[in-house]
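Just so it is clear: chains get the letters A, B, ... in the order the sequence lines come, proteins before strands, and each one is counted from 1. Just the heavy atoms: all of them, side chains too, but no hydrogens, waters or symmetry mates, feed the values below.
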Amino acid sequence: MPEPLLRVDDLSMVYQRRAGLLGRRAQQIRALNGVSFSLGAGETLGIVGESGCGKSTLARCILRLLRPSGGRIRFDGDDLLALPDEGMRVMRQRMQMVLQNPFSSLNPRLSGFELVAEPLRTHTAMSRMEMADRVASLLAEVGLGVEFMSRHPHQLSGGQAQRTALARALALNPDFIILDEPTSALDVSVQAQIINLLLGLQRQRGLTYLFITHDLSVVQHISDRIAVMYLGKIVEETSSEAIFANPQHPYTQALLSSTPVPDPAADRQRTILPGAVPSAANPPSGCAFHTRCPQAMDICRAQYPAARFVARSHRVSCHLYDESA
Amino acid sequence: MKVEVGSTLWFLLRDRAAVISAAFLLAVALAAVFAPLLTPYAAQGMGDPDLGSKFTAPGIKHPFGTDGLGRDQVARLMFGARRSLSMGVLVVVAAMIIGTPLGLIAGYLGGWVDEALMRVTDVFLAFPPLLLAIAIAAALGASYVNAVAAIAVTWWPWYARLARAQTLSVRERAYIEAARGIGVRHRVIMRRHVLPNILTPIVVQGTLDVGTAILVAAGLSFIGLGTQAPYADWGVMISDGRLYFLSGRWWLSTFPGLAIFLTAMAFNFLGDGVRIAADPRLRRVL
């Protein structure tokens with residue numbers, strides 16, 4: 001088996017927060033708790049979960065915008081956490097990120113040209129003329145004309161702004177792009193356009209995507225594999241088809257049943273989860289999902305279920321699938 | 001907060017107090033720059049005495065009267081404006097140039113750098129500002145340049161604090177993280193992404209401060225630590241005239257006093273106008 005492009009092993013991230021009078025009580029927030037997955041070149045992995053499950057922390061740890069507390073991240077054979085700062089800075093040419101809201105991720109003072117040229121300015125010695133050519137072709141690639149070079153973010157629509165952000169991410173021909181809820185801030189009609197654009201770019205450039213979202217219906221069209229996260233852990237990971245056809249984890253089942261299906265005749269049983277996501281500062285014992293799980297057993301309160309394979313490349317962490325059960 | 005220079009200007013022009021203030025300040029500045037062309041007594045403005053006409057009361061020939069050496073007070077005021085205005089502006093510009101980068105670096109880097117820089121500013125802020133300026137000006141020796149330096153030294157910590165506070169909020173914006181993700185160096189992030197986005201409140205504060213800086217500079221000149229004879233600024237003129245004020249020669253201190261009062265007030269109105277015009281949330285008041 002070839003080495004995957006990205007391999008994340010047992011990644012943990014604990015935020016320390018000082019609380020109480022004079023900050024004497026230290027509070028620990030486990031945003032990531034032993035997250036492992038691998039992602040082959042040209043593939044798309046969807047990370048799905050509710051807000052607060054650690055999916056954005058995961059993105060920031062992979063790009064080393066945050067220092068994980070433990071675990072390993074290998075990108076194309078390099079241990080990202082062992083790279084010196086300058087080495088990591090250079091490595092960032094190959095891995096880019098697109099954030100949720102383009103109006104906050106684009107500096108309001110810069111023009112379209114300056115925004116898209118910034119990666120070129122940072123990592124190459126291009127002249128201004130070369131940059132202008134390159135920026136024009138990047139904008140064309142995301143479906144924007146040259147007139148967008150002189151537009152500032154507040155003069156753009158949501159879709160145009162996100163296209164600008166995408167052109168910026170593509171500027172250095174990266175291998176890997178983390179898409180952190182890239183469509184969540186956009187209108188539904190625009191969402192589809194951006195998803196199609198992402199799919200086209202992936203085909204042409206052989207890009208690898210990590211697509212983070214809370215919306216299963218969005219990720220379905222673009223992902224080869226999907227990992228479902230709950231309170232800092234991946235609870236189920238399998239192919240995009242299998243997760244819709246044959247969800248195993250009760251949380252995945254509940255997520256799926258909350259996704260609208262555009263067929264009024266569809267016969268569906270809805271699972272409504274009681275309560276809200278527990279706080280990561282004070283996670284439940286055992287399986288963190290047991291407080292809301294309709295099928296919780298005694299063992300769920302005591303012990304976290306180890307990941308096991310219920311089918312080829314279908315990984316689940318749930319006591320329902322223990323060998324003894 | 002999105003700020004466009006064009007729209008800020010447009011809203012500023014609708015603020016009557018700001019427009020009148022700006023016009024007044026422009027007139028004062030033009031009078032200062034073109035003083036030699038505007039007054040027949042240019043040499044007296046520079047300090048030459050005309051003992052034959054000393055202590056002339058305001059009249060047709062000398063609208064604001066003459067001083068103890070017979071110098072035309074209008075000419076003195078116009079030449080004095082050169083120093084008083086430039087001192088106020090230079091103090092604020094110097095304080096901004098020193099304070100803004102330090103505050104930006106402290107706020108952006110945080111940690112011990114922040115701690116160290118902010119403790120240094122605390123030391124400066126612990127002294128009463130005028131007293132510190134007097135001490136420094138006295139230690140450096142009385143002169144125009146030293147007075148500017150002395151006041152700027154007491155002033156920059158305010159800009160450092162303001163820049164730091166603004167940086168702390170801008171630092172958390174998504175576009176800073178996006179730039180880091182691209183691999184932009186911290187130095188470039190500070191210059192390209194943070195600085196332009198913290199500048200508006202700093203410029204507003206600067207406009208408000210020029211008036212106060214002129215007052216402080218006049219204060220130093222008043223006690224003899226600023227502009228030196230034979231040149232004059234408004235502070236020196238008040239100081240020279242104060243001995244004669246109660247003996248009937250009221251015009252000596254009154255006109256420079258009015259000049260300081262009106263100029264400082266105009267800068268305050270203008271600064272307030274800029275502050276409101278630059279902040280879309282405040283524009284509704286107009």
Side-chain angles (χ1 to χ4, degrees), chain A residues 56 59-66 83 85-111 114-124 152-155 161-162 164-166 168-172 174 176-181 185, chain B residues 1-11 100 104-105 107-115 163 166-204 274 277-281 283:
Chain A
S56 292
R60 280 153 187 77
C61 284
I62 293 172
L63 290 175
R64 231 175 82 179
L65 294 170
L66 290 172
L83 282 179
D85 284 348
E86 183 58 23
M88 185 63 210
R89 204 183 68 78
V90 173
M91 184 61 92
R92 289 198 170 125
Q93 295 179 61
R94 302 185 53 194
M95 38 204 323
Q96 292 287 316
M97 177 167 66
V98 175
L99 294 171
Q100 174 173 2
N101 184 347
F103 294 111
S104 53
S105 69
L106 299 176
N107 184 342
R109 306 246 169 201
L110 297 183
S111 68
E114 287 165 319
L115 286 165
V116 179
E118 179 152 56
L120 305 171
R121 196 193 300 275
T122 304
H123 290 287
T124 70
H152 283 71
H154 67 99
Q155 296 168 303
Q162 197 59 298
T164 305
L166 199 55
R168 185 168 141 98
L170 293 172
L172 294 161
F176 174 55
I177 301 183
I178 294 182
L179 305 156
D180 187 359
E181 306 249 15
Chain B
M1 189 168 83
K2 238 176 292 178
V3 179
E4 287 291 296
V5 175
S7 69
T8 300
L9 210 59
W10 191 80
F11 276 96
T100 306
L104 198 163
I105 290 167
Y108 183 80
L109 295 180
W112 67 266
V113 179
D114 184 23
E115 212 42 59
Q166 291 296 318
T167 303
L168 288 180
S169 110
V170 168
R171 189 178 69 165
E172 302 303 322
R173 308 266 165 89
Y175 55 80
I176 302 295
E177 187 175 50
R180 282 224 298 135
I182 283 171
V184 183
R185 291 174 198 277
H186 289 303
R187 193 161 21 93
V188 181
I189 292 182
M190 284 192 252
R191 196 179 60 228
R192 240 172 106 78
H193 295 281
V194 181
L195 183 62
N197 287 294
I198 65 169
L199 223 46
T200 307
I202 292 173
V203 169
V204 168
V274 173
D279 188 341
R281 283 165 305 183
R283 281 177 184 170

- Spacing of OG belonging to Ser104(A) relative to CD belonging to Glu177(B), to within rounding of 0.5 Å: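 CD of Glu177(B) is found 10.0 Å from OG of Ser104(A).
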- Query: About how many Å separate CZ of Arg180(B) and CG of Leu65(A), when rounded to the nearest 0.5 Å?
  - Reply: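 So the gap between those two atoms works out to 5.0 Å.
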- Query: Using a cut-off of under 4.5 Å for heavy-atom pairs, which of Arg64(A), Met97(A), Arg168(A) has the most such pairs with chain B?
  - Reply: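 The candidate making the most pairs under 4.5 Å is Arg168(A).
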- Task: Taking the side chain as every heavy atom from C-beta outward, state whether Arg121(A) and Val184(B) have any atom pair closer than 4.5 Å.
- Result: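 The answer is no, as the side chains (C-beta and beyond) never meet within the 4.5 Å cut-off.
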- Report the residues that fulfil ring-ring contact (aromatic ring centres under 6.0 Å, His included) with Tyr175(B), sequence neighbours left out, ordered by chain and then residue number.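 Partners of Tyr175(B) by the ring-ring contact (aromatic ring centres under 6.0 Å, His included) criterion come out as none, since no residue qualifies.
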Determine the minimum heavy-atom distance between [X] and [Y], stating which atoms define it.
| X | Y | value |
| --- | --- | --- |
| Ile182(B) | Arg92(A) | O-CB, 3.9 Å |
| Pro108(A) | Asn197(B) | CG-OD1, 3.8 Å |
| Ser105(A) | Ala178(B) | O-CB, 3.7 Å |

- Task: Not counting sequence neighbours, which residues clear salt bridge (charged side-chain N to carboxylate O under 4.0 Å, His left out) with Glu181(A)? List them please.
- Result: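 Testing Glu181(A) for salt bridge (charged side-chain N to carboxylate O under 4.0 Å, His left out), a comparison that skips the adjacent residues, returns Lys55(A).
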- Residue by residue, scan residues 185-192 of chain B and write down, ordered by number, those that have a heavy-atom distance under 4.5 Å to chain A; if none do, write 'none'.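 Near chain A, by residue number: Arg185(B), Arg192(B).
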Of the backbone (N, CA, C, O) and the side chain (C-beta and beyond), which part of [X] lies under 4.5 Å from a heavy atom of chain B, both, or neither?
| X | result |
| --- | --- |
| Met95(A) | backbone |
| Glu114(A) | both |
| Leu110(A) | side chain |

- Item | With sequence neighbours excluded, residues passing side-chain contact (heavy atoms from CB on, under 4.5 Å) with Ala161(A) |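 Result, side-chain contact (heavy atoms from CB on, under 4.5 Å) vs Ala161(A): Pro102(A), Phe103(A), Leu106(A), Leu156(A).
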